[in-house]
Every structure is written in C-alpha cells, then in structure tokens.
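Since the structure comes first, as structure tokens, the remarks are kept for the end.
No hydrogens, no waters, no symmetry mates; every other heavy atom, side chains included, goes into these values.
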Amino acid sequence: MKNFRLKTVLVVLFVAIGFASCSNDDDKSPAPVTTKNALATEVKGPATGKVNVELSYDVTFMPETACGEFSKFTDVTIGGVKGLQIEVKYPEVCTQQVPTAKIAVYKFKSAVKGTFEIKFKKSETEFITQKVVISE
C-alpha cells in the first residue's frame, strides 16, 4: 500500500511539474497593428537608367500620426489607370499625434529599354507621375 501511495504522489508531482513548465506566461503577443493607405506628396529620383540596373525613388508621404511607419507599396487603380499607393502601419496605441513627412524608397528595374511612367497615388482622383527612360 505504501508503494502504491508513493507512486501516486510521484505521478501527481510529475504531472504538476509538466503543467507548470509548459506555461507560457512569458509569451507576449505582438501589439495589434492597423494598416491604412497614405498619399504621396513628392517623388524624387533619376529620369534615366540602364537595362537591368535598379533605380531608387524617394517617395515622400504624410502618415496620420507620428507613429505611422511605411509597410509596403500596393497596387491601386484610379479611373482605369493603374499605379501604386503607400501602405502605412500604425500601432494600436500612439502618444505622438503630430505627424511629420516620411520617405519610403521605391525600387524600379526594367529588363527592356523604353519610356516608363511610375505613378503614385496623390489624391483620390490623381497620381504623381515619374517618367524614366531606360536605355541599353
């Protein structure tokens, strides 16, 4: 009988240690993030380039709050014309409310020569257009 009680106590102790060690109290989930689209205010970059050479364009945008950070460029269509818009991510809590202009870098590379128009959403009805001529 003592042998059975000892085994029972050891099993209960082992199971309790197992549950305690598997606890994930220290795991913290990432803070919730909201994404919204921002409008481009200015685009700066080269007007010419070479085939298969990457070009960089600085796209200035104004986030809603100072905590807004560039997330990615996404496709947008205005009146049948395709272009790009800026997606900005915002943390759930932000104590810095006064926004400042920020810059996102857009990379462009073409495998063929020609004249290209890169369009960034400026308002609900228009784009800022950056023309680039790619030569060999």
Side-chain angles (χ1 to χ4, degrees):
M1 187 75 165
K2 280 187 166 187
N3 195 10
F4 179 72
R5 235 184 232 170
L6 181 62
K7 286 182 181 179
T8 304
V9 169
L10 288 175
V11 168
V12 170
L13 183 61
F14 180 71
V15 170
I17 290 172
F19 281 127
S21 67
C22 293
S23 172
N24 58 357
D25 292 342
D26 296 336
D27 294 346
K28 294 184 180 178
S29 61
V33 175
T34 303
T35 58
K36 295 182 181 179
N37 295 320
L39 303 173
T41 57
E42 182 181 24
V43 178
K44 291 182 182 177
T48 61
K50 302 259 183 212
V51 172
N52 290 324
V53 175
E54 190 173 80
L55 303 174
S56 295
Y57 294 90
D58 291 339
V59 183
T60 305
F61 67 96
M62 184 67 74
E64 288 181 3
T65 67
C67 297
E69 293 294 328
F70 171 76
S71 176
K72 63 184 175 181
F73 290 102
T74 58
D75 295 326
V76 66
T77 303
I78 299 175
V81 179
K82 292 184 180 185
L84 299 166
Q85 66 184 354
I86 301 162
E87 186 176 282
V88 180
K89 58 185 174 182
Y90 298 93
E92 187 77 17
V93 177
C94 179
T95 57
Q96 304 168 339
Q97 294 300 317
V98 181
T100 58
K102 297 194 177 186
I103 294 176
V105 177
Y106 179 75
K107 305 283 187 177
F108 178 79
K109 182 168 141 179
S110 176
V112 296
K113 65 180 184 175
T115 301
F116 299 89
E117 290 185 345
I118 308 168
K119 299 174 187 266
F120 297 94
K121 188 175 179 182
K122 176 182 177 180
S123 70
E124 294 304 316
T125 58
E126 62 185 329
F127 290 108
I128 294 176
T129 302
Q130 175 71 43
K131 287 188 180 187
V132 60
V133 177
I134 302 295
S135 62
E136 287 187 57

_Using side-chain contact (heavy atoms from CB on, under 4.5 Å), reason through Thr60 and Val43 one step at a time and then give a plain yes or no._
CA-CA 6 Å; Thr60 305; Val43 178; over 6 Å; no
_Candidate pair Phe108 and Glu54, rule side-chain contact (heavy atoms from CB on, under 4.5 Å), full reasoning_ = CA-CA 6 Å; Phe108 178 79; Glu54 190 173 80; over 6 Å; no
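Residues Ser56 and Lys107 share a closest heavy-atom pair of OG-NZ, 3.0 Å. Looking at every heavy atom in both residues, Ile118 comes nearest to Val132 through CD1-CG1, 4.3 Å. The two residues Pro46 and Leu55 have their closest heavy-atom pair at CG-CD2, 3.9 Å. Considering all non-hydrogen atoms of both residues, Glu64 and Pro99 come closest at O-CG, 3.7 Å.
Not one N or O on the side chain of Tyr90 forms a donor-acceptor pair closer than 3.5 Å with the backbone of Pro63. Side chain of Lys102 to backbone of Ala66: a donor-acceptor contact under 3.5 angstrom is found. The backbone N or O of Gly80 sits nowhere less than 3.5 Å from a side-chain atom of Thr77 that would complete a donor-acceptor pair.
Put simply, CD on Gln85 and NZ on Lys121 are 5.0 Å apart, with the number rounded to the nearest 0.5 Å. Taking CD of Glu124 as the reference point, atom CG of Asn37 lies at 9.0 Å (rounded to 0.5 Å). Within the model, atoms CG of Asn52 and OG of Ser110 stand 7.5 Å from one another, a figure rounded to the nearest 0.5 Å. Atom CZ in Phe116 sits 6.5 Å away from atom CD1 in Ile134 (nearest 0.5 Å). Within the model, atoms CG of Leu39 and CD1 of Ile86 stand 8.0 Å from one another, a figure rounded to the nearest 0.5 Å. Taking CD of Glu87 as the reference point, atom OG1 of Thr74 lies at 5.5 Å (rounded to 0.5 Å).
Aromatic ring orientation, Phe70 versus Phe61: tilted (interplanar angle from 30° to 60°).
A 4.5 Å side-chain heavy-atom check between Val59 and Ile103 finds every atom pair outside the cut-off. The shortest distance between side-chain heavy atoms of Val88 and Lys36 does not fall below 4.5 Å.
Qualifying ring pair (Phe, Tyr, Trp, His ring centres under 6.0 Å) partners for Tyr106, counting only residues two or more places apart in sequence or in other chains: Phe73, Phe120. Looking at residues two or more places apart in sequence or on another chain, you find a salt bridge (charged side-chain N to carboxylate O under 4.0 Å, His left out) between Glu42 and Lys44. Listed by chain and number, the residues in a salt bridge (charged side-chain N to carboxylate O under 4.0 Å, His left out) with Lys122 amount to none (sequence neighbours excluded).
Linking Ile, Leu, Val, Met, Phe, Trp and Tyr residues whenever their side-chain heavy atoms come within less than 4.5 Å leaves Val112 and Val53 in two separate clusters.
Within a 6.0 Å radius of CD in Glu136, no more than 12 heavy atoms belonging to other residues, nucleotides or ligands are found.
Salt bridge Glu117/Lys119: present, at least one basic N to carboxylate O contact under 4.0 Å.
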